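Beneath this line is the structure, given in structure tokens, with notes to follow.
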Amino acid sequence: MASFFNAAILLGLLGLSSALLEPIPFPTELQECYEFRSDNVTASAESAIYIQSMCYRSFLTDQMTDGKVWSGENLTQEGINYIDSLFRRIMAEADEVEKYKKLGGRQKRQTSTRRFRQEVRSPGAFQPYANCVQRLQNETVEPASAGRNTYQTLAAFHSGRTLGRAHNGPAFLPWHRIYLLLLETECDAAIPYWDSGLDHDMVDPTTSILWSDQYFGNGDGEVMSGPFQDMRTLLGTPIIRNYGTGDSSLFTKEGLRAVLSRRRFQDISEPLPRGSIYSLEGHHNGPHVWVGGHISALNSAPWDPVFYMHHAYVDAVWARFRELQIQNGFNPETDYPRRPRQGHRRNDVINFGPYFELVTNLEAMANRFADLVTYEPFPVCENNCNNSPHLYCDQLRLVCISRIRTAVQTSVAGIVAMGASRGVSSNIQSQSLARAVARGPLPVGRKFSDSPFIDIRNRPDTIGTARAAPQIRRASSQVRTRARRVQRAVSQNAAFQENHLQSVSSLERSLTNTFVIDGVVDVKRWVYIPVRIVYSRSKNFKGIDPTLFGTVNQSQEKCQTAHSGASKVFVSSNGLNYYGMYTEYAIIDNRQPVYSTTMVVGVKNPEYGEGETLFTAYDSCGIPCRPVCQTSINGQRNYKGCSGAFRISTSFPQMYSITYGDALDSTLMTYSNVAHADYSVPALTFVCDNSNVWPWDH
């Protein structure tokens, strides 16, 4: 199919331009990541989308790490000194434990049971941790000008540049192990672990007793009940949740068994094939996304105290994995992947910012840190579910599951089956969700990736980053005013889910961008450029032209589109030297053999600094499109395959518009008899033809 798009057809469809919107060399780090992840992998649409997403995330976090891109909160010197003091205490304790073991236990160990981590519903496990979190909310270790309490200082630690080497690689587990030790050292009390599999096995996990005053507080919207109800985020807003949403699942028994069936650390560490059931980090993503709200995004996850309890369980699974390694003759202190990406290699220093003595990833795998913590066994029927009054053994399945909260029992009695209704437990919960929805999307960056398993019981995310906050909606309305002349208005109340597969009804949905750039919500920092789309109708999975028979049954098609023939192509701009993402879509007619249209995408305004952007595109079925850029071949302007990386500067000719409407008007001139500048023709085109090649090959 790719050969169909020869130079002559492209010249006829695309036109030419002397645009200064300049293609730039593909960043080396991205190129290496693409090559590494696609090595020995058959080219496919699903794999391509996954590789593009994961490599960009890794690139962006590395840029943050190196201080080249906005990286969120920066700690004051007082904050750094505080973190250093906690690290020194951890190291001293680790030295003591190591010495104790070398002496064969003959010397009395001067430590407490503060690191005996129990399941959160076990008797006495939760309250000491909750008391500590409440205390830290009322203490400060930084100057008043920082505007942060002690808990927020620790939360800021898991944002921006410190995340560069904490995710998407084997350093994920040792990095977070030490992060848990930090808070636990301050609390002088164990962090309980949340075994979310005990909730997953319920009829409806959102009715769990954990989402009550006694434990986490409400899970729908602003947290208005429980011990964390008065907490505020670094933005001064309440903690927000949206439990039971998205495609991801809580931890499952199947996932746990899969992880524990492996024996090498590399078998459970990223990078692994997309959706791998053996990825512990992949399963870890599930509860983040399932709880929703602040905990679902990397930069804001620790703002919710549930974060630490969830990660304590991830660490508990890793501890159990290490025990099985030892039983099978593997040394967990030295078993480390040989060829991970930069930052995750065994001798790379763990990135904790400008503090903490130099400790490598391999050193953080040592028993001297692992031995600081002991875990209560996972609740099972054989140990009477750890004697918790809030767990019970389901005799039919022989698994421990959580009891539901009393308010749910009262609300649904005589109306619906127990656990079959969400958000009905109290007036507080419905009010809290309404308040969270009214706030609009959370300007906190990208969410965690989906987990290997989905939960079909989940509902759509009504908060996320799909809807704009009031001030963002006003800004969006302003930049789109002129576009409404050509009926490009969108519903501000519609939701857009980050799902590459389109349902028939999704054509009625639109999307709204947050206009967050380098941590600031400001439409003036965005400008707009035209992008051309050339779309070739794809054959169905049987290799048959979908228009051949009018009565073809689409029920077994991998991608079912609207019967009208209309579909979408999504184009995203992702900052390479700035923090900002923008997505727009074009409506295409897939009844035509070849269809061409032009759309408008936002990028960084070069008046605020020269911007470098990576453009990517995919259609409604999640099939990536290939970028082609203008170039000069033998003195003739032409198009050829490119990486999709561009530099946008203030140099002449100006290939961007200040408003969305102006950019759209400039593209309309291309199709009219009105005289227009040669550079109004888009410099970037995406060819969507379902080619069986990697979209970055050119």
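Every value quoted in this text rests on a predicted model; they were computed, and no experiment measured them.
Not counting sequence neighbours, Asn285 has no partner by the side-chain hydrogen bond (donor to acceptor under 3.5 Å, both in side chains) test. In this structure Gln229 satisfies the side-chain hydrogen bond (donor to acceptor under 3.5 Å, both in side chains) test with no other residue, sequence neighbours excluded.
At a threshold of 4.0 Å, the pair Arg241-Asp304 counts as salt-bridged, since one of the basic side-chain nitrogens sits closer than that to a carboxylate oxygen.
Classified by interplanar angle (parallel below 30°, tilted 30° to 60°, perpendicular above 60°), the ring pair His284/His288 is perpendicular. Using bins of under 30°, 30° to 60° and over 60° for the plane-to-plane angle, the ring pair His176/Tyr179 lands in the perpendicular bin. Using a 30° and 60° split on the angle between ring planes, Trp290 and Trp211 fall in the tilted class, from 30° to 60°.
Using a distance-only test at 3.5 Å, with no hydrogens or angles considered, no donor-acceptor pair links the side chain of Thr237 to the main chain of Thr233.
Between the side chains of Tyr193 and Asp315, no donor-acceptor pair of N or O atoms lies under 3.5 Å. Ser122 and Glu376 share a donor-acceptor pair across their side chains, judged by distance under 3.5 Å alone. There is no side-chain donor-acceptor pair under 3.5 Å between Arg88 and Thr185. Checked by atom type, the side-chain pair Tyr308/Tyr129 shows no donor-acceptor distance below 3.5 Å. Using modelled atom types, one finds a donor on one side chain and an acceptor on the other under 3.5 Å when comparing Asn384 with Asn387. Between the side chains of Asn149 and Thr140, no donor N or O sits under 3.5 Å from an acceptor N or O. Side-chain polar atoms of Glu119 and Tyr313 form no donor-acceptor pair below 3.5 angstrom. Between Thr206 and Asp204, the side chains place a donor N or O and an acceptor N or O closer than 3.5 Å (distance only, hydrogens not considered).
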